[in-house]
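Here the structure is laid out as structure tokens; the discussion comes afterwards.
The sequence lines fix the lettering, A, B, ..., with proteins before strands; numbering per chain opens at 1.
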Amino acid sequence: MLSMRPLKPTFKSYLPPLQTDVNKTVQPPIKKLEAKLLPGEIVVNEVNFVRKCIGVDSSQDDLWGKLICTNFKVSFSTHDTLPQQKFQYTNRLLGEHDIPLACVEQVVTVNDAKGKQKVLGSNKKLKFNPMELIIYCKDFRIVRFRFDEAGPESAKKVCLAIAHYSHPADPQLLFGFEFAGKRHHSSTVNGIDPGVGPQTPLFDRPSDWDREIKRTGASEWRVCSINEGYAISPSLPEYFVVPVSLADQDLKQYSGFFTGQRLPLWCWNHPNGSALVRMASIKDPMQQRKLDQRICTAITKSHPKRSDVLKSDLDKTLPNIQDIQAAFVRLRQICVIEPFEETEERWLSSVEGSRWLEYVRTFLKHAAEVVYMLEGQHASVVLQEEEDRDLNCVISSLVLIMLDPHYRSRLGFQGLVQREWVMAGHRFLDRCNHLKKNDREESPLFLLFLNCVWQLMNQYPTAFEFTETYLTVLSDSMWIPIFTTFLFNSSRQHAEHCREFAQSKNITLGEGKTLCFPTVWDWDQQFSRKDQALFNSPLYVGKGTSCIHSGTVKTFKRTKKTYSSTLRGLNSLPNGMLTELDTFPRRNSLAQRLRPDFSVVREAPESPSERFFREWLSRPTDPHGLLLPQLLPSHLRLWRLYFLRWVPEAQISRGGPIMAFHRLSLLADEIESLQAQLRHCSSVGTPPGSTTNPPSSESGRMYFKAHSPDDLPSPPEYLTSSFPFSPVGNLCRRNILGTPLSKFLSGAKIWLSTETLANETL
Amino acid sequence: MEEVPRVPGETVKAVAKDVMYLCPFTGAVSGTLTVTDYKLYFKSLERDPPFVLDVNLGVISRVETISMQIGENNRGIEIVCKDMRNPRFAYKEEQSKLEIFETLTKHAFPLSNNLPLFAFLYKETFPEDGWKVYDPVAEYKRQGLPNESWTISKINSNFEVCDTYPAMLVVPTSIKDEELRKVASFRAKHRIPVLSWIHPESQATIVRCSQPLVGPSDRRCKEDERYLQTILDANAQSHKLTIFDARQSSVADTNKAKDGGYESESFYPNVELNFLEIPNIHVMRESLRKLREVVYPSIDEAHWLSGVDSTHWLEYIRLLLAGAVRVADKLECGKTSVVVHCSDGWDRTAQLTSLAMLMLDSYYRTLRGFQVLLEKEWISFGHRFAARLGHGDENHANSERSPLFVQFVDCVWQMTRQFPSAFEFNELFLITILDHLYSCLFGTFLYNSEQEREVHSKTVSLWSYVNNHTEDFTNPFYVNYENHVIYPVASLRHLELWVSYYVRWNPRMRPQMPVHQNLKELLVLRTELQKKVEELQRDVASSRSVSSSSDHGPSPSHTSTPLYTTV
């Protein structure tokens, strides 16, 4: 069967050219299928003549190849190319068919002849020869392989190897360590020189914090280094910010009373002087009142107007991590596991029943209320949570995104995640369940946060520099265990494991040096510069861009004029370009008269915060000012790109929001090149275009480039509502009952209505 | 006293002071109520800015007195509207107040009170005559008709063959008038199969008609059978003809027992019959009624999605879109001609054919093309607007009423959501159409059929107004891709409740900042920049020509990025 298929030499490198330098010898067209390996990656087991399932009902599109398990990924190597469309971006670390082991949620083997199936764990035995392997992935993919033509023993071995290696017994078995170790040995640093361009601040050194203090004008706050070497708290970063009135000596004394010795952490200062602080609970009830008082006094002292401190207890008002995990599991169930048709009938009720959107709303709402305290009541706020490592991360980062446009730029956002999640000690290792040890600790808090950000982005598309593709790719990166960002429970754990690993591998680390673990923010590791353009929103007309383009992060001074929400006016757009086109339809037009009356009037009992929200919503929004989420159920949507991107039946061909994005990108690109022309001729004084080097569009921010008007006859074929992802081969549900899963015909499945009125004839 | 704003031809009929409007969102407010022959207009100066409620009378479905007691106000009235709201007023029992509500009822239901619909009093003039938008001959010519297989027949020019069909029909060339009459007698309401649309390449056609009068005894009609065979033969690409019966198969069987029915595959060789299982007008009316309960006046935030689910409204939208996709797919991919019918062929049939045509033919997705589509598939082919909407008629419980056209426009809106750059018109255009569906300001949607519709000289067309305000209704994302067939995904994962139409009265449900507004800003920015570049070029060019005889002339390079969109 396999021999019938012509073998095409389509072997392709997934790695940046730098790494393939080793094999410089030109190779003849390869007949053998090999996995493409990263430094430190080794093949554990492999099996030939494997069929990867593409279609549900027929096997005609299926791909033949070799299934390989390495210490990093499940790889499928094939000479066949996918039917229909392909991924529109290439991950440099992963091939089209590859699944990192950390992304494997569940491994299921099936033998239809014996009617058996088994979920494989680490060190499990398999008593039958598998005919089929189904891998359920954490990023919602479901991938199926058939072993009809493969050697039964090797198939079994590969399945067991995948199961085993996707359950690492120890964090140091996560592939990132081998990778970093190898990279440490090789003198050249893989990838692009880190010196180029502005870097995401990692907040692992005092200067990053100093810059934030300066940027927000928090003069009454200071960087504290008592936790250097993690002397005080195992989960706090080495450097954090505290009120100037608290001396190191006091802090050392207080730390013992807090859960996890976690002293309160400063997050941010409002221009009005109010501060946002996050804090763990105080263990000792005897000390509680006194200590609370001291902390609050110190925060008050750091407020220019000595305003009160308000407390927000998140444990009392928000769902806990198990609730969130349960909602997520339910949502995954209806999005990808259950048959499409069966979930179609009661889809909205099922979405509601999952409670995922409800939780998204709860978190946004809570964050908005904290915003009101800071902005509306001019009060400093302390976010309180038992451990200060889960809910506080979500709320503090949401609050900051709403209040400070800096965090809506890509660099600002990355710094925010680094600070409020990674450095603050969010237990990524446990919450991601990378070791698959304790399911009770697993919870998609970070994804919930990204979902909340997406809602804001969906409501205020001009306010964000990055796109939903960026958010999706960021969340997918959680399952590539190469980046330090999402691998550890705390920065101390990171440091310790690195030291131990280096010792065990006889790697000598220089003074103050650690293993060379990349962070996820080094996007060049994963994507080409061209693909990274997918992260840029065409609608973002941020002042942040000038910051980024200049190459250095300036301490930017916030002037009242651009920042204050009270000055949110029509002329707040750059160049005063906002027109009255839409907001004020022409007088005497019938269209206007027929519009609903939005005359805003007082509602009888209205809380001050409600009033604050209503008044804010009644004014035009400044994308570079305060943002508040709209929270009625009709305003909150399911994040379709994330949840439905692999579902073939839900894919809109040449449709979806990407079409608007495409259109906008072309326009933004055109505007950029016009601006470049303008800059060019004003500096050179030559007519634009007449010079030998007209501004190249290659340097533009946009993924889609404006072309000449002549080539516009049809929309790009490859654009779908899943773009840049592709469902092909990534979602093969299997019906356990054995009936064909999808009777789906051109989107038309019909069921009988239960309406009694149907008998009335007409 | 301050005058209420009026449209030309509108006269004030009654005014009453100290009426209380019970706003479900912002509480009670007192003010002056004015009733004209076109609208009721309530204005209160108690609030700043003044509170105004403006309801055109055409939209009123019924007026009911309700019992209440708010201070001095001991009488209450509820005005149930066809557009999902029902404003309530309270007033003190006084002569002037009783009179004004009497006047309101009289003018809200003019036909029940021997008064003309307001469209006949409306005196506005527009530079363009919207009645000229649709010219059947021109439209058929655009489709390449007549051709060797299809001809434009004048057999119905006096509406003798079928009184609910237009005067001009496209039928197979080889069919004689005599045969046509025989076919007419075999089809419900004489609505014979006629061509609606022809594929420019494959020549596959969309043909619409009513159910055949088969009856319980399985009657046959040789002419009808031959007629369908001729339609099949006109398309050389396929050896099949597909009939889509929009109804539920069980209902079709019931109809058969009552002298209606469907084509038997054994009598019609090479024909394939499919039921689309779409429930009838009564089910749809009930569904919209439930939807109103879910969205007005207040919404249940905790159960919003399941509330919408329970109305089945989106489920029916899905059924319709799925059916239309099957029709379009049959033509485009199967290159097969299709016949669409339901019972009478003026409700579900119109929905399906016009949706399929929107998917297949990008012309109908333009502002003008959409007007032509409505004029053709809905108005000229006898969708019974008067009966389905009950213009000016006080009998609100009439079972003939049903929101089929609203449902169709909702489907169109769903398509615009899935394909944001495929339509030249915007959401406001669709909402404007729906508002004037009820308003009785224009003559466009007033009647049941072309024969009844002798309105061209006496009323104004909605398109006169629309085409005088095109910039308000244009979608800035629109790109005119050629031969662009769109298949919406008929799945609840993508269908949404049209909040900005159904829930627009609730100020809290205000939709978020629309992206198209940002696009407009960018378009303006681009124009501005282009202007600046040009200016600079001119400056530089002129300074050069003065200083030196430069070898580069004025550069044409800026033309490489000119406008290819309409701003």
Rounded to the nearest 0.5 Å, how far does [atom2] of [Y] lie from [atom1] of [X]?
{"X": "A/Trp347", "Y": "B/Leu305", "atom1": "CH2", "atom2": "CG", "value": "10.5 Å"}
{"X": "A/Leu348", "Y": "B/Asp309", "atom1": "CG", "atom2": "CG", "value": "4.5 Å"}
{"X": "B/Ser491", "Y": "A/Leu644", "atom1": "OG", "atom2": "CG", "value": "8.0 Å"}
{"X": "B/Glu315", "Y": "A/Arg346", "atom1": "CD", "atom2": "CZ", "value": "9.0 Å"}
{"X": "B/Phe477", "Y": "A/Leu667", "atom1": "CZ", "atom2": "CG", "value": "9.5 Å"}

Which atoms of [X] come close to chain B, meaning under 4.5 Å heavy atom to heavy atom: side chain ones, backbone ones, both, or neither?
{"X": "A/Leu638", "value": "neither"}
{"X": "A/Arg640", "value": "side chain"}
{"X": "A/Ile671", "value": "both"}

Closest heavy-atom contact between [X] and [Y]?
{"X": "B/Tyr481", "Y": "A/Met659", "answer": "CE1-CE, 4.4 Å"}
{"X": "A/Glu345", "Y": "B/Leu492", "answer": "O-CD1, 4.3 Å"}
{"X": "A/Glu649", "Y": "B/Val489", "answer": "O-CG1, 3.5 Å"}
{"X": "B/Ala490", "Y": "A/Glu344", "answer": "O-OE2, 4.0 Å"}
{"X": "A/Ala660", "Y": "B/Pro420", "answer": "N-CG, 3.9 Å"}

Decide side chain to side chain contact (heavy atoms under 4.5 Å, CB included) for B/Tyr487 and A/Ser653; before the verdict, give the C-alpha distance in whole Å, the side-chain angles of both, and the deciding distance to 0.1 Å. CA-CA 7 Å; B/Tyr487 293 117; A/Ser653 171; over 6 Å; no

When A/Cys335, A/Gly656, A/Gly353 are compared by non-hydrogen pairs under 4.5 Å with chain B, the top option: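 So the answer, after comparing A/Cys335, A/Gly656, A/Gly353, is A/Gly656.
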
Can you check side chain to side chain contact (heavy atoms under 4.5 Å, CB included) on A/Glu352 and B/His303, steps first, answer last? CA-CA 8 Å; A/Glu352 184 179 288; B/His303 302 103; 3.8 Å; yes

Mark yes or no: B/Arg493 above the aromatic ring of A/Phe340, with NZ or CZ under 6.0 Å from the six-membered ring centre and no more than 45 degrees from the axis.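 Geometry flag: set, cation within 6.0 Å and 45°.
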
Ignoring hydrogens and geometry, is there a side-chain-to-backbone donor-acceptor pair from B/Gln418 to A/Ile652 under 3.5 Å?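 Checking the backbone N and O of A/Ile652 against the side chain of B/Gln418, no donor-acceptor pair under 3.5 Å is found.
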
Under 4.5 Å from a heavy atom of chain A, the part of [X] involved:
{"X": "B/Ala302", "answer": "backbone"}
{"X": "B/Ile299", "answer": "side chain"}
{"X": "B/Ile486", "answer": "neither"}

Pair A/Arg654-B/His484, side chain to side chain contact (heavy atoms under 4.5 Å, CB included): steps then yes or no: CA-CA 10 Å; A/Arg654 293 201 275 180; B/His484 182 197; 4.0 Å; yes

